[in-house]
Visitor: 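One structure, as C-alpha cells, below. Some questions next.
Counting convention: from 1, in listed order, for ligands and their atoms alike.
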Amino acid sequence: MTIQTANLNQVNPYLPFGDRQDAPFYGKDILSVKQFNHADLNYIFGVAHEMQEMVRRVGTFDMLKGKILTNLFYEPSTRTSSSFTAAMERLGGSVIPINEVRYSSVAKGESLPDTIRSLECYSDVIVLRHPETGSAALAAQYGRKPIINAGDGTGEHPTQALLDLFTILEEMGRVNGLTITMLGDLKYGRTVHSLARLLTLYNVKLNYVSPELLRMPADVIKEIGDKLIPQAEYTSLDEVLAQTDVLYVTRVQKERFENPEDYEKVRGSYVITPELMTKAKSDMIVMHPLPRVGEISMDFDDDPRAAYFRQMEYGLYVRMALLALVLGKT
Ligand code: NCD
C-alpha cells in the first residue's frame with residue numbers, strides 16, 4: 001500500500017487508541033531489503049531487543065491486542081509461518097492461517113489481487129509467501145493493508161535477511177570487517193539474495209561457494225559490485241573456510257529445478273561435518289535458514305559455532321518488532 005502521508009495532525013477516527021500514524025514504519029509494506037537503510041536497521045533491532053526482553057520477562061503481552069494477521073502461504077513453510085504466528089500471539093493479536101491454498105478459493109482460480117483484497121477485509125496485515133518472483137510487490141499494489149513478503153519465488157525473503165543480520169550482530173558483536181561465506185544453492189536460494197543485498201550496508205567481504213550450476217545470479221553480483229563490496233566465487237569450500245567468520249549454508253532447492261537430472265548432479269555437493277570444521281576459526285559461526293536436508297551433519301549441532309537454532313529464536317523477536325512497527329507501535 002502507499003504510505004499515508006496526509007496531514008498527520010488530523011486524527012484518523014479509525015485508528016485505535018495508542019496507534020501512531022507518524023510511527024516510522026506505520027502502514028508500510030516489507031517487500032525487499034532494498035528499502036532499508038542503517039537507521040532503519042538500528043531502529044528495528046532496538047525494538048527486537050525490547051521484544052526479547054519482554055518475552056523473557058512476561059512471555060505474552062497486549063501490544064497488538066485486537067489486531068489480526070493473515071498468514072497466506074502458497075508454498076510450504078514451517079519456521080516462517082509459525083514464527084509469524086508466534087510473534088503475533090506473543091503480542092496479544094490473532095492469526096488467520098491459510099497454509100493449504102488447495103482448500104481455499106485459490107484452487108478455484110482466484111487471482112492474487114482478489115485474494116488479497118478479500119483477506120484484508122478481515123485482517124490488519126498480510127504475510128505472503130508465493131512461488132512467483134514479484135508476487136509480494138503485486139499484492140502490495142492492490143492491497144491497502146501492509147504486505148510482508150515471506151518469500152517470493154527465487155526473489156527475496158527480506159524478513160529472513162533481517163533476522164540473519166540480527167543473528168550476526170548478536171553472535172559476533174559486529175558486522176563490519178567480517179568475511180561471510182555463502183554456501184550451496186546460490187541460484188535459487190532467495191535468502192542469500194536478500195542477505196547479500198542487505199550486507200552491502202556494511203563493510204564486509206563476501207565469498208560465494210556453489211556448484212557451477214547454482215552460482216549466484218549475475219544481476220545480484222552486479223548489484224553488490226556496484227556497492228563496491230568485495231566478492232569472489234568458488235566451487236570448493238576448502239579455499240575459503242579458514243578465513244570465514246560467518247558460514248551461511250543453504251539447501252539445494254529441489255522444487256525449483258526445471259530438470260530433475262540437474263538436481264541429482266548437485267545434491268550433496270557440500271556437507272558440513274565436525275571433521276571439516278576443524279579447519280575453521282574457533283570464533284566463527286555456522287548459520288542456515290533451515291530446513292536442512294543433509295548439508296550440515298547432525299554431529300555438528302552441539303558445536304558452539306552451530307548458530308542455526310539460535311538464529312530461529314532471533315527470528316521471533318525480529319518478526320515481533322516488524323509486526324509492531326507496521327501496525328503503528330513505536
Ligand atoms: C527458506 C525459504 O523458504 O526460502 N526457509 C525459511 O524461510 N527459513 C530456505 C529454504 O527453503 O531452503
Visitor: Can you list the ligand 1 atoms lying under 4.0 Å from a non-hydrogen atom of L290?
Guide: 1 (C), 5 (N), 6 (C), 8 (N), 9 (C)
Visitor: Just which atoms of ligand 1 are under 4.0 Å from any heavy atom in Q160?
Guide: 6 (C), 7 (O), 8 (N)
Visitor: Tell me if a side-chain donor or acceptor on K145 pairs with a main-chain N or O of E120 at a distance below 3.5 Å.
Guide: yes
Visitor: Please determine if D114 and R117 form a salt bridge, counting it only when a charged side-chain N lies under 4.0 Å from a carboxylate O.
Guide: yes
Visitor: Would you say R129 contacts ligand 1, with heavy atoms under 4.0 Å as the rule?
Guide: yes
Visitor: For ligand 1, which atoms, with element, lie under 4.0 Å from some heavy atom of T80?
Guide: 6 (C), 7 (O)
Visitor: Can you confirm whether Y122 is buried at OH, in the sense that more than 12 heavy atoms of other residues, nucleotides or ligands lie under 6.0 Å from that atom?
Guide: no
Visitor: Name the residue from Q52, E170, E171, R319 that meets the side chain to side chain donor-acceptor pair (under 3.5 Å) definition with Y314.
Guide: E171
Visitor: Could you tell me, atom by atom, which parts of ligand 1 come under 4.0 Å of a heavy atom of H157?
Guide: 2 (C), 4 (O), 6 (C), 7 (O)
Visitor: Starting from atom 8 (N) of ligand 1, what is the nearest protein heavy atom, named by residue and atom, and what distance separates them?
Guide: P289 O, 2.9 Å
Visitor: Distance under 4.0 Å to a non-hydrogen atom of R190: what atoms of ligand 1 satisfy this?
Guide: 2 (C), 3 (O), 4 (O)
Visitor: Between ligand 1 and T191, is the shortest N or O to N or O distance under 3.5 Å?
Guide: no
Visitor: Determine whether a donor-acceptor pair (N or O, by modelled atom type, separation under 3.5 Å) exists between the side chain of N149 and the backbone of I30.
Guide: no
Visitor: Can you list the ligand 1 atoms lying under 4.0 Å from a non-hydrogen atom of Q253?
Guide: 10 (C), 11 (O), 12 (O)
Visitor: Is there at least one pair of N or O atoms, one from P291 and one from ligand 1, spaced under 3.5 Å apart?
Guide: no
Visitor: Suppose we measure from atom 11 (O) of ligand 1 to each protein heavy atom; which comes out shortest, and what is that distance?
Guide: R251 NH2, 2.9 Å
Visitor: Using a strict 4.0 Å threshold on nitrogen-to-oxygen distance, state whether D301 and R292 make a salt bridge.
Guide: yes
Visitor: For residues N71 and T85, is any side-chain donor paired with an opposing acceptor at under 3.5 Å?
Guide: yes
Visitor: I'd like to know if the side chain of R129 reaches the main chain of P76, judged simply by a donor and an acceptor atom lying under 3.5 Å from each other, with no hydrogens or angles considered.
Guide: yes
Visitor: Is R79 close to ligand 1, meaning an N/O of one under 3.5 Å from an N/O of the other?
Guide: no
